[in-house]
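The model shown is predicted, which means the values in this text are computed figures rather than measured ones. Here, residue 1 is the first one in the sequence, and each next residue gets the next number. Order of appearance sets the numbers: ligands from 1, and atoms from 1 within every ligand.
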Amino acid sequence: MPSNSYDVVVIGAGTGGYVAAIRAAQLGKTVAVVEKQKALGGTCLIWGCIPTKALLEHAHALKVVQSAKEWGIVIPDATPAINMTQVHARKDKIITGITKGVEFLFRKNKITWIKGTAQLAGGGRVHVVDGEKQTLDAKEIVVATGSAPRSVPGIEIDHTRIITSDEAIHLPEVPKSLVIMGSGAVGVEFASIFRRFGSDVTIIELLPRLVPVEDEAVSAELEKSFRKQGITCLTGTRVTKATAGSKGVELEAQSGDRKTQKLAADVLLVATGRGPVTAGLNAESVGIAMDRGYIKVDALYRTSIPHISAVGDVITLGQDAHPQLAHVSSMEGILVAERLAGQEVRPLNYQHVPGCTYCDPEIGSVGLTEAEARRCGYDVRIGSFPFGVLGRAKMAGETEGFVKIVADRKYDEVLGVHMIGPRSTELVAEAVLALRLECTVEELIKTIHAHPTFSEAVGEAAHATHGAAIHA
Ligand SMILES: Cc1cc2nc3c(=O)[nH]c(=O)nc-3n(C[C@H](O)[C@H](O)[C@H](O)COP(=O)(O)OP(=O)(O)OC[C@H]3O[C@@H](n4cnc5c(N)ncnc54)[C@H](O)[C@@H]3O)c2cc1C
């Protein structure tokens, strides 16, 4: 085999691409990955999950220090504050450690990293058009080129005053005032970070509630907590104009009753979603069916062209919106690699994808919301348990929120679990397994939850679903 021929060529080393490459190599394939960034790991490691969660951990540390008195910790004559230079240094060290870790895994699994931009050339060939220029021959190609921030019509990103998450993770100073457009996961996470760091934060959401994909009770609880923390929440409001000047941004926003209000901020963060990265890839020219820039795939991630698969943020499955999440792209990467190695694989169940939002308080959810379950025609049974009652939550000083279970009365099946409060992004794992195993509420009740833990809230919510919470 010539040195530039591989069983599998993967384009893009984000969580979709690098995980697909590792699994394919583990299964005996020769693998090359073309990645144009200076580091491996894509959006998740370099621009997304890791930097934002690192910043949120800083915000949490500051929160604990700010309430030092309550904890009996004496900090002589100091008002705790954040030093952004040190914050970024710590965050960047974490990112470098993890991206280097992926490089190590590539070496361990004998995966070749070709540094450059890939272009599909047809007939199983991939041109690397810059960097380490060459033409690769592949038996199978996996496209995992991911996504990039996008704005909305009329709002021009200038990357200084009107920014996206790519700039927000690097802001050298804490802005005095910050307006955030969009209250999805990215918007509310940055709201939590910068409010804690000291900014005046306003969050503007077009739909009537924050985190609109979550259960309505979760949205209401988050808005209550955000207001308490001093975050201004303008829901049902559209940003109609934003003009960047040397000192800040002038905005106009229109609420549902068509009233226009003017706002001003140091920085406007546009967090209104991400679009696919396919420009320059040549996907359409080689005949791949596309939909609004996304690559169309079937349930096993085959594109319309044989021997070309695609996974991650760049794909559409044609029905509901495909979740743009790291853990989704990596599961898709594993599945594709196993299919290419001849293993029997089954489509993923997107109803079982956990949604984790690491704002303060955290949100973890899986399955049907109460409204969705009712729309599906289930005879719905609800049980809810507040974290505030738990000893463990009191000890941690984290007493906001609840766990809510949505179940089917007829068969007692757990249809969805929605939580907001401490450690929710960890606790949701039990709920994901419950849905995967088609668990009943009774089985959750009979599962022994250790004491004193936050997970007791899940057990108690199950009891509550049967009308008999012990501690509430
Ligand atoms: C601020 C933020 C926070 C987030 N937080 C979370 C979170 O907490 N949890 C979670 O699950 N998800 C989170 N996400 C989403 C998550 O990062 C993405 O869903 C995930 O990274 C998608 O992986 P991917 O492999 O499909 O694409 P990407 O990670 O975007 O990787 C694509 C890679 O392809 C490369 N590439 C593109 N075109 C070419 C080409 N032609 N040639 C060579 N290389 C190319 C790019 O350089 C990139 O490295 C977050 C996203 C953002 C923006």
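- Using a 4.0 Å cut-off between a side-chain N of Lys or Arg and a carboxylate O of Asp or Glu, R346 and E338 do not qualify as a salt bridge.
- Look at Q119 and you'll find every heavy atom at least 4.0 Å from all atoms of ligand 1.
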Residues L268, I163; criterion side chain to side chain contact (heavy atoms under 4.5 Å, CB included); working and verdict: CA-CA 6 Å; L268 168 65; I163 63 169; over 6 Å; no
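- When only non-hydrogen protein atoms are considered, atom 33 (C) of ligand 1 lies nearest to E35 OE1, 3.5 Å.
- Between A393 and F454, the shortest heavy-atom distance links the atoms CA-CE2, 3.7 Å.
- Of the polar atoms of W47, none of the N or O atoms is found under 3.5 Å from an N or O of ligand 1, judged by distance alone.
- Considering only non-hydrogen protein atoms, atom 44 (N) of ligand 1 sits nearest to K36 N, 3.4 Å.
- Given atom 34 (O) of ligand 1, the protein heavy atom at minimum distance is G12 CA, 3.2 Å.
- Assignment of T52 to the shell around ligand 1 is supported, since a heavy atom sits closer than 4.0 Å.
- Counting atoms of ligand 1 from 1 in the listed order, those under 4.0 Å from a heavy atom of K53 are 5 (N), 6 (C), 7 (C), 8 (O).
- Of the protein's non-hydrogen atoms, the one nearest atom 41 (N) of ligand 1 is A118 O, 3.1 Å.
- Of the listed options V129, L120, T43, T43 places a heavy atom closest to atom 29 (O) of ligand 1.
- Close contacts between ligand 1 and G14 involve ligand atoms 25 (O), 29 (O), 31 (O), 33 (C) [criterion: under 4.0 Å to a heavy atom].
- With a 4.5 Å cut-off on side-chain heavy atoms, E205 and L234 do not count as touching.
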- request: Would you check, one step at a time, whether the test side chain to side chain contact (heavy atoms under 4.5 Å, CB included) holds for R423 with R392?
  value: CA-CA 11 Å; R423 317 293 202 272; R392 184 65 197 272; 4.2 Å; yes
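- Close contacts between ligand 1 and H327 involve ligand atoms 11 (O) [criterion: under 4.0 Å to a heavy atom].
- Using a 4.5 Å heavy-atom threshold, the side chains of H322 and Y350 count as touching.
- Per-residue contacts place I11 under 4.0 angstrom from the following atoms of ligand 1 (heavy atoms of the residue considered): 40 (C), 42 (N).
- When only interatomic distances are considered, the shortest N/O to N/O separation between T117 and ligand 1 does not fall below 3.5 Å.
- Residue-to-ligand polar distances place G16 within reach of ligand 1: an N/O pair is separated by less than 3.5 Å.
- Between S165 and ligand 1, not a single N/O pair is under 3.5 Å apart.
- Using a 4.0 Å heavy-atom cutoff, E189 is absent from the residues neighbouring ligand 1.
- From the protein, the heavy atom lying nearest to atom 14 (N) of ligand 1 is C49 SG, 3.8 Å.
- Between atom 52 (C) of ligand 1 and the options G273, G48, P276, the minimum heavy-atom separation is to G48.
- Residue A185 places no heavy atom under 4.0 Å from ligand 1.
- Counted by atom type alone, K63 and H60 present zero donor-acceptor pairs between their side chains at under 3.5 Å.
- Closest approach of L435 to Q351, counting heavy atoms only: CD2-O, 4.1 Å.
- Taking the side chain as every heavy atom from C-beta outward, S309 and R339 approach each other to under 4.5 Å.
- Annotation for ligand 1: atoms under 4.0 Å from non-hydrogen atoms of S147 are 30 (O).
- Residue contacts with ligand 1: Y18 is excluded, as none of its non-hydrogen atoms falls under 4.0 Å.
- Ring geometry, W47 versus H170: the interplanar angle exceeds 60°, so the pair is classed perpendicular (tilted spans 30 to 60°).
- At a heavy-atom cutoff of 4.0 Å, ligand 1 is contacted by the side chain of Y358 but not by its backbone.
- Among G312, S330, A144, the residue whose heavy atom sits closest to atom 32 (C) of ligand 1 is A144.
- For H449 and E456, the side-chain atoms include no donor-acceptor pair closer than 3.5 Å.
- Atom 27 (O) of ligand 1 has as its closest protein heavy atom G146 CA, 3.1 Å.
- Note: F194 and F197 have perpendicular aromatic rings, judged against thresholds of 30 and 60 degrees for the angle between ring planes.
- Taking all heavy atoms of G131, A39, A326 into account, the minimum distance to atom 16 (C) of ligand 1 is reached by A326.
- At a threshold of 4.5 Å between non-hydrogen side-chain atoms, the residues I180 and I204 do not count as touching.
- Looking at heavy atoms from C-beta onward, R274 lies in side-chain contact with S165 at the 4.5 angstrom threshold.
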